[in-house]
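Every chain is numbered from 1 and lettered A, B, ... according to where its sequence line falls, protein lines coming before strand lines.
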Protein chains: 2
Amino acid sequence: MKTKTRSSAASLPLNQILAGDSIDVMNSLPEGSVDLIFADPPYNLQLRGDLHRPDNSKVDAVDDAWDQFDSFKVYDDFTREWLKAARRLLKPNGAIWAIGSYHNVYRMGAELQNLGFWILNDVVWRKSNPMPNFRGKRFTNAHETLIWASKNEAAKYTFNYEALKSLNEGIQMRSDWVLPICNGGERLKNEDGDKAHPTQKPESLLHRILVGTTNPGDVVLDPFFGTGTTGAVAKMLGREFIGIEREEKYRKVAEKRIAAVRKFDKDALHVSTSKRAEPRVPFGQLVERGMLRPGEELYSMNGRKKAKVRADGTLVSNDVKGSIHQVGAHLEGAPSCNGWTYWTFKRDGKNVPIDVLRQQIRAEMQ
Amino acid sequence: MKTKTRSSAASLPLNQILAGDSIDVMNSLPEGSVDLIFADPPYNLQLRGDLHRPDNSKVDAVDDAWDQFDSFKVYDDFTREWLKAARRLLKPNGAIWAIGSYHNVYRMGAELQNLGFWILNDVVWRKSNPMPNFRGKRFTNAHETLIWASKNEAAKYTFNYEALKSLNEGIQMRSDWVLPICNGGERLKNEDGDKAHPTQKPESLLHRILVGTTNPGDVVLDPFFGTGTTGAVAKMLGREFIGIEREEKYRKVAEKRIAAVRKFDKDALHVSTSKRAEPRVPFGQLVERGMLRPGEELYSMNGRKKAKVRADGTLVSNDVKGSIHQVGAHLEGAPSCNGWTYWTFKRDGKNVPIDVLRQQIRAEMQ
DNA sequence: GACTTGGTTGAATCGGATG
DNA sequence: CCATCCGATTCAACCAAGT
């Protein structure tokens, strides 16, 4: 796995900002070489004329030329092409994040599904400090939508469940994220004090995405790099990035920004892992090592059932024989059972889960 | 307006649940006769196998035949047809709400745009008590998405800004709504104790939609009526409803439910009206009524600019003449200006906004 | 009656390694 | 490719029964 990453990485322009059209540049890169894509494409905002606040200050709206599309057709074609190029670049187990607002996200989501991407979640970025609706004609547009999708239905995508749960104070992470918009010191400004990019995303958003759905060393591509939030956070977190940006003024800002970023300590990049990632220990080892004697009795957690350990690492209860899981499932009439947490043994009059013994063995293995 | 509603209402099957296929029934109803459509179509969930909780109990999933579609193509065709029929039914200033999850909402949103609907907001229903992700493989699917769209870009849709603001404790209502899922006493059960419908929506959701985007007496159509949450809330709130439901078992439950609903008192239905809906008061009236004398000077809020009132209700400042709004805009170099809040007059040495005078007139009008 | 405890449930695209 | 087996995994709200 590591070797494969390295070998394909060798031919990749890592930690660089490539100049040019997103689709062309993506098509020039080697197929199946990227772990994750984060894409913040033009939104196709259909603002009619300028928007003004009640106090007459002008809202610096997204009105740059690159954001104008004369019809849904043009936007759909553009969307399909960049998504196609992106999908080609992904490794078999790769995934994509794409962000949008109601102006474009429905078209983007539909094209994404049409191309074979498999939606895993949509995530709502709930802005803690959105711009109010000055005219009082609609709801405050207080969120944007992110679509998280794997390359296809079969892909074994990366999902650091425990790390995300830790980020959320021990409760599993939900599909709605409350994060502030990017302003204050984080918001990049030109020399004239204007914002350097109209839609700079907050680093907190990319932090959660990269911690949650990539591993250190993974290659993250951003085809609409802008001022480089993806690159900056990737560098901090010890991921490799590839940026593509057409406009020189954005590339310049991004390069300066990323050069100033310091990578976190390696220890800080280590995230909580799930039990699934730990080495497998067969129950029979507990018997071989003498931690449990053949003939010793195990008791279910609630104390209602019992079974006898046999020398080959199977259990027997009445006429039922089999693994700790099989016997537990049978006794409970359940479709499955985790024997490690179901069974206990007696020591000094107390019932101890057998999983304690497995943890002892795992500790010795390190 | 009222007459028109009544005349078209006369030929409409109001406050009834129509049996049959949504598209067929909609096409049999008169064109341009409905103020609002709320649609909760099948989501096309593509569930593979069974799902069990960590305690081995089985999740009662949506496996009904009405949610099964063979392909995206079939689902898209279905979506396009019901949306087309729905749009035909809407009055020129009508609007639609459609709810979905990531399985279907992107396709629905794109078709909706393709048909000429004009998206006003998408609204995220953040569930306070969603079902967790039992396998730890994704984010908790904690929200559903509602799309609010007018019949076309030009439609003067209904939006009770002040009422929604009041519902939200004086703060402008945002595009993310935190509401609990429908359970407890509100959840309708069959005689055997099973849920009567797998996807019953909470009344709080419909309450907010109907208070916010309809007026008393409006006709609200729900083409996927189910157990009739839309009808129940419409009746409470003094709106007329039309339900369409294919399955008899759901119709029966809905009829019984709605019969038991009591309409709120008329007084309770009176919602805060937005300033926009308040009677318009021409500035000239202030002059006609002698509240301001011709020749009197007005001062801008910051005191830097001044202008003189003329007998015809226009202002003059240096060589600029025009309405309170036009002169204010010109003096500020702004494209627009709300003259009512921009200009003040002197009384007893103090600067008083001219809007105070407008409010006096409005108070007298009631 | 107040409080605690245990059981149930909700629109869900919910494994992975080994042989 | 398929079959088999291991074994990891849940939050908030409501309700009924017990203390």
Base, sugar-phosphate alone, or nothing: which one does Asp40(B) contact when heavy atoms must sit under 4.0 Å apart? base
At less than 4.0 Å, is any side-chain N or O atom of Arg358(A) found next to OP1 or OP2 of dA8(D)? Yes or no. yes
Looking at Ser274(A), does any N or O in its side chain come under 4.0 Å of the phosphate oxygens OP1/OP2 on dA8(D)? no
Result of checking Lys346(A), Arg347(A), Lys306(A) against Glu296(A) for salt bridge (Lys or Arg N to Asp or Glu O under 4.0 Å): Arg347(A)
Once you apply a heavy-atom cut-off of 4.0 Å, does Gly185(B) come out as touching a base, just sugar-phosphate, or nothing? sugar-phosphate
In whole Å, measure the gap between the P atoms of dA12(D) and dC14(C) for me. 23 Å
Can you check whether any acceptor in the base of dA12(C) is under 3.5 Å from a donor in the side chain of Thr140(B), or vice versa? no
Determine, for Trp177(A) and Arg208(A), whether the Lys NZ or Arg CZ falls below 6.0 Å from the six-membered ring centre while staying within 45 degrees of the axis. yes
From the set dT9(D), dA12(C), dA11(C), return the single nucleotide nearest to any side-chain atom of His103(B). dA12(C)
Gap between atoms CD and P, on Gln285(A) and dG7(D) respectively (whole Å): 11 Å
So, under a plain 3.5 Å distance rule, would you say the side chain of Arg135(B) forms a donor-acceptor pair with the base of dG16(C)? no
Under-4.0 Å side-chain N/O to phosphate OP1/OP2 contact, Gln172(A) with dT9(D): no
Counting only side-chain nitrogens and oxygens, does Arg280(A) get under 4.0 Å of the OP1 or OP2 atom of dG7(D)? yes
Mind checking if Ser128(B) touches a base, just sugar-phosphate, or nothing, with heavy atoms under 4.0 Å? sugar-phosphate
Spacing between Lys275(A) atom NZ and dC6(D) atom P, to the nearest angstrom: 17 Å
Under 4.0 Å, heavy atoms only, any strand: does Asp50(B) hit a base, just the sugar-phosphate, or nothing? base
Any side-chain N or O of Tyr161(A) under 4.0 Å from OP1/OP2 of dT10(D)? yes
Are the aromatic ring centres of Trp118(A) and Tyr157(A) under 6.0 angstrom apart? no
My understanding is that a pair needs two contacts under 3.5 Å, Watson-Crick or G-U wobble. By that rule, which nucleotide pairs with dT10(D)? none
Looking at Lys165(A), does any N or O in its side chain come under 4.0 Å of the phosphate oxygens OP1/OP2 on dT10(D)? yes
C1' gap between dA17(D) and dG1(C), integer Å: 15 Å
At under 4.0 Å between heavy atoms, what does Asn44(B) touch on the DNA or RNA strands: base, sugar-phosphate, or nothing? nothing
On DNA chain D, compare the nucleotides closest to Asn183(B) and Cys337(A); which residue's is nearer the 5' end? Cys337(A)
Side-chain donor/acceptor of Glu144(A) to backbone N/O of Ser101(A), under 3.5 Å: no
Nearest to the side chain of Trp340(A) - dA12(C), dA12(D), dA8(D)? dA8(D)
How would you label the contact of Glu162(A) with the nucleic acid (heavy atoms, under 4.0 Å): base, sugar-phosphate, or nothing? sugar-phosphate
Checking side chain to side chain contact (heavy atoms under 4.5 Å, CB included) between His207(A) and each of Leu205(A), Val211(A), Ile209(A), Leu210(A), which is the one that passes? Val211(A)
Spacing between Asn104(B) atom CG and dA12(C) atom C1', to the nearest angstrom: 13 Å
Would you kindly give the CG-to-C1' distance between Asn121(A) and dA11(C), to the nearest whole Å? 14 Å
Can you tell me how far C1' of dC11(D) sits from CZ of Arg126(B), to the nearest Å? 15 Å
Is it the case that the base of dA12(C) and the side chain of Lys137(B) share a donor-acceptor contact (distance under 3.5 Å, atom types as modelled)? no
Does dA11(C) have OP1 or OP2 under 4.0 Å away from a side-chain N or O of Arg187(B)? yes
Over all strands shown, is Glu153(A) touching base, sugar-phosphate only, or nothing at heavy-atom distances under 4.0 angstrom? nothing
Choose from dA11(C), dT10(D), dG7(D) the nucleotide whose nearest atom is closest to any side-chain atom of Val62(B). dA11(C)
With sugar-phosphate meaning primed atoms plus P, OP1 and OP2, does Arg276(A) contact a base, only sugar-phosphate, or nothing at under 4.0 Å between heavy atoms? sugar-phosphate
Taking a pair to mean Watson-Crick or G-U wobble geometry with both distances below 3.5 Å, dA12(C) pairs with none
Separation of atom NE2 in His330(A) from atom C1' in dC5(D), rounded to whole Å: 17 Å
With nearest nucleotide decided by heavy atoms, which residue, Phe72(B) or Ile181(B), maps closer to the 5′ end of DNA chain C? Ile181(B)
Applying a 4.0 Å non-hydrogen cut-off, can you work out what Pro202(B) is touching in the nucleic acid: base, sugar-phosphate, or nothing? nothing
Mind listing the closest non-hydrogen atom pair of Pro42(B) and Asn104(B) along with its distance? O-ND2, 3.7 Å
So does Pro132(B) get a backbone contact from the side chain of Gln172(A), meaning a donor-acceptor N/O pair under 3.5 Å? no
Describe the nucleic acid contact of Thr199(B) in one word from base, sugar-phosphate, nothing, applying a heavy-atom distance below 4.0 Å. base
Please report, rounded to the nearest Å, how far the C1' atom of dC14(C) is from the NZ atom of Lys156(A). 14 Å
Students often get this wrong, so: under 4.0 angstrom with heavy atoms, is Ile324(A) touching a base, only sugar-phosphate, or nothing? nothing
Would you say a side-chain N or O of Asn129(B) is under 4.0 Å from OP1 or OP2 of dC11(D)? no
For Met301(A) and Thr341(A), which heavy atoms make the closest approach, and how far apart are they? CG-O, 3.1 Å
Figure out the CZ/P separation between Arg174(A) and dA11(C), and round it to whole Å. 14 Å
Would you classify Ile171(A) as touching base, sugar-phosphate or nothing, given that sugar-phosphate means primed atoms plus P, OP1 and OP2, and contacts are heavy atoms under 4.0 Å? sugar-phosphate
Using the C1' atoms only, state how far dG7(C) lies from dT10(D), rounded to an integer number of Å. 14 Å
According to a strict under-4.0 Å criterion, is His325(A) in side-chain N/O contact with OP1 or OP2 of dG7(D)? yes
Re dA2(C): Watson-Crick or G-U wobble partner, both distances kept under 3.5 Å, found to be dT19(D)
Counting the atoms with a prime plus P, OP1 and OP2 as sugar-phosphate, which does Cys182(B) contact under 4.0 Å by heavy atoms, base, sugar-phosphate, or nothing? nothing
Shortest non-hydrogen contact from Phe224(B) toward Asp40(B): CB-O, 3.5 Å
Heavy atoms only, 4.0 Å cut-off, all strands: where does Asn133(B) land among base, sugar-phosphate and nothing? base
Residue met sooner reading DNA chain C from 5', once Arg53(B) and Tyr157(A) are mapped to nucleotides: Arg53(B)
